[in-house]
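Notes to accompany the following structure.
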2 protein chains.
Amino acid sequence: MSNKRYTCHMEPHEPDLADIPVTTVLAALADDVRLQIVRALVEDGEAACGTFDFGVSKATRSHHLKVLREAGLTRTRAAGTSRLVRLRRDEVDRLYPGLLDAVLGARSSA
Amino acid sequence: MSNKRYTCHMEPHEPDLADIPVTTVLAALADDVRLQIVRALVEDGEAACGTFDFGVSKATRSHHLKVLREAGLTRTRAAGTSRLVRLRRDEVDRLYPGLLDAVLGARSSA
DNA sequence: TCCAATGTTCGAGTATCGTCGAACCATCGA
DNA sequence: TCGATGGTTCGACGATACTCGAACATTGGA
């Protein structure tokens, strides 16, 4: 592995979804905050990190966005001082057809 | 809550899937051993607990079956000295259409 | 050049999870 | 009645996960 520090605004690590174990993808979706982020992304298309305010600190929010990104679910690009996040919907749908719809359309409680 | 001990072969707790948070269902599926169990259930229909031998102790196996059951994904019935487990496929498919297909059909690595 | 705004990283605390051996319970057959 | 078989529960352990405040990095504007 590289011993180069992963400094702040480097190109974030965005793996190919096909290289991610299914369990990792499911685990990434198995959290309330992250699910709210995903819902917001479906709704708004692309959004700056700061727009996701779900009652957690910005450190925690950053952590959740990292989990989603490293699970191959989102992509991030820099835009000024912000970073814009968007869902990799097409890739997810191709690899796991129906998954997002099933999860997001869930009319179960909570 | 009841203070009655949940002794061994009582009727197991099998909640209505609609009462389970999505995150709980996803978390239940986000484990390799449990996913193997689900795959085996899809394959074999109904199977005794003991038939799931995925390199874990029987205590661990029992734990995983409990997680699946309490997530509303499986149903268990006693049969002699064994307990037969089966997937609640129809209910899962009705509440999360496409979820199981997407997860099980995953042609991603691992 | 300095400051404010936006995120990320670090370190630490707490909680939850996966795992096991040991002890236990329930059922069936000898 | 006793033992063997099949599962469950308990208690403990180590590993992960979620959370936060604090410190840092990057960008853009005053």
Side-chain angles (χ1 to χ4, degrees), chain A residues 2-14 21 23-38 46-71 74-86, chain B residues 1-14 21 23-38 40 46-71 74-86:
Chain A
S2 149
N3 58 354
K4 187 173 54 172
R5 290 272 303 281
Y6 176 76
T7 55
C8 209
H9 282 251
M10 285 175 69
E11 191 61 22
H13 180 224
E14 287 175 353
T23 48
T24 301
V25 175
L26 292 171
L29 295 172
D31 178 276
D32 269 315
V33 175
R34 289 195 293 267
L35 220 41
Q36 291 184 75
I37 293 177
V38 171
E46 195 177 36
C49 304
T51 65
F52 308 114
D53 186 1
F54 300 118
V56 295
S57 72
K58 64 177 181 173
T60 301
R61 183 202 330 142
S62 192
H63 161 71
H64 285 306
L65 288 169
K66 181 179 180 183
V67 172
L68 288 172
R69 188 175 60 240
E70 295 190 338
T74 61
R75 218 177 268 282
T76 305
R77 67 185 179 94
T81 131
S82 306
R83 317 195 82 191
L84 297 180
V85 183
R86 69 181 189 282
Chain B
M1 66 175 72
S2 151
N3 57 353
K4 187 172 56 173
R5 290 272 304 282
Y6 176 75
T7 55
C8 210
H9 282 250
M10 287 175 68
E11 193 60 24
H13 180 224
E14 287 174 353
T23 49
T24 301
V25 176
L26 292 171
L29 294 172
D31 178 276
D32 268 315
V33 175
R34 289 195 291 267
L35 220 42
Q36 292 184 73
I37 293 177
V38 171
E46 195 177 35
C49 304
T51 64
F52 308 115
D53 186 3
F54 299 119
V56 295
S57 72
K58 65 177 180 173
T60 301
R61 184 205 326 146
S62 192
H63 161 71
H64 285 306
L65 288 170
K66 181 179 179 182
V67 172
L68 288 172
R69 187 175 62 239
E70 296 189 339
T74 61
R75 219 177 268 281
T76 303
R77 68 186 177 94
T81 129
S82 306
R83 318 195 82 191
L84 297 179
V85 182
R86 68 181 189 282

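What you see below is based on every heavy atom in this structure, not just the backbone, and it leaves out hydrogens, waters and symmetry mates. All chains are named by letter (A, B, ...) in the order of the sequence lines, taking the proteins before the strands, and each is independently numbered beginning at 1.
Between the CG atom of Leu29(A) and the C1' atom of dA17(D) there is a distance of 16 Å, given to the nearest Å. Rounded to a whole Å, the CD atom of Glu70(A) is 15 Å from the C1' atom of dT16(D). Atom NZ of Lys66(B) is separated from atom P of dT19(C) by 15 Å (rounded to the nearest Å). Distance Leu35(B) CG to dG18(C) C1': 16 Å, rounded to the nearest Å. The distance from atom CG of Asp31(B) to atom P of dA17(D) is 12 Å, rounded to the nearest whole Å. The interatomic distance linking Phe52(B) (CZ) with dT8(D) (C1') rounds to 16 Å, in whole Å. Put simply, CZ on Arg61(A) is 13 Å from P on dT19(D), counting in whole angstrom units. As rounded to whole Å, 14 Å separates atom C1' of dG18(C) from atom CG of Leu68(B).
A close approach under 4.0 Å does not occur between any side-chain nitrogen or oxygen of Arg83(A) and OP1 or OP2 of dT6(C). Side-chain nitrogen and oxygen atoms of Ser82(A) include none within less than 4.0 Å of the OP1 or OP2 phosphate oxygen of dA5(C). For Ser62(B), no side-chain nitrogen or oxygen approaches OP1 or OP2 of dG7(D) to under 4.0 Å. Taking 4.0 angstrom as the limit, Thr60(A) places a side-chain polar atom (N or O) nearer than this to OP1 or OP2 of dC20(D). Between dC20(C) and Ser57(B), a contact under 4.0 Å exists linking OP1 or OP2 to a side-chain N or O.
Nearer to the 5' terminus of DNA chain D, by closest-nucleotide assignment, is the contact made by Ala30(A) (compared with the other of Lys58(A) and Ala30(A)). Nearer the 5' end of DNA chain D, as judged by each residue's closest nucleotide, is the contact made by Cys49(B), out of Val33(A) and Cys49(B).
Across every non-hydrogen atom of Leu29(B) and Leu35(B), the tightest pair is O-CD1, 3.5 Å. The two residues Leu26(A) and Ala30(B) make their nearest non-hydrogen contact at CB-CB, 3.7 Å. Closest approach of Phe54(A) and Val33(A) over heavy atoms only: CD1-O, 4.3 Å.
Listed nucleotides: dC20(D), dG7(D), dT27(C). Nearest to the side chain of Thr81(B): dT27(C). The side chain of Arg34(B) lies closest to dG18(C) when the candidates are dG18(C), dT19(C), dA22(C). With dG18(C), dC20(C), dT8(C) as the choices, the nucleotide that has an atom nearest any side-chain atom of His64(B) turns out to be dG18(C).
Of the possible polar contacts, none joining the Arg83(B) side chain to the Cys49(B) backbone as a donor-acceptor pair under 3.5 Å is found. A distance-only check finds a donor-acceptor pair linking the side chain of Arg34(A) to the backbone of Ala28(A) [under 3.5 Å].
In this structure, His63(A) reaches the bases: a heavy-atom distance under 4.0 Å links it to at least one base atom across the strands shown. Contact annotation for Ala27(B): no contact, since no heavy-atom pair falls under 4.0 Å across all strands. Among the protein residues, Val67(A) comes within range of no part of the nucleic acid, since none of its heavy atoms lies under 4.0 Å from any strand.
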Legend entry - From CA spacing to verdict: side chain to side chain contact (heavy atoms under 4.5 Å, CB included), Ile37(A), Leu68(A): CA-CA 9 Å; Ile37(A) 293 177; Leu68(A) 288 172; 3.8 Å; yes
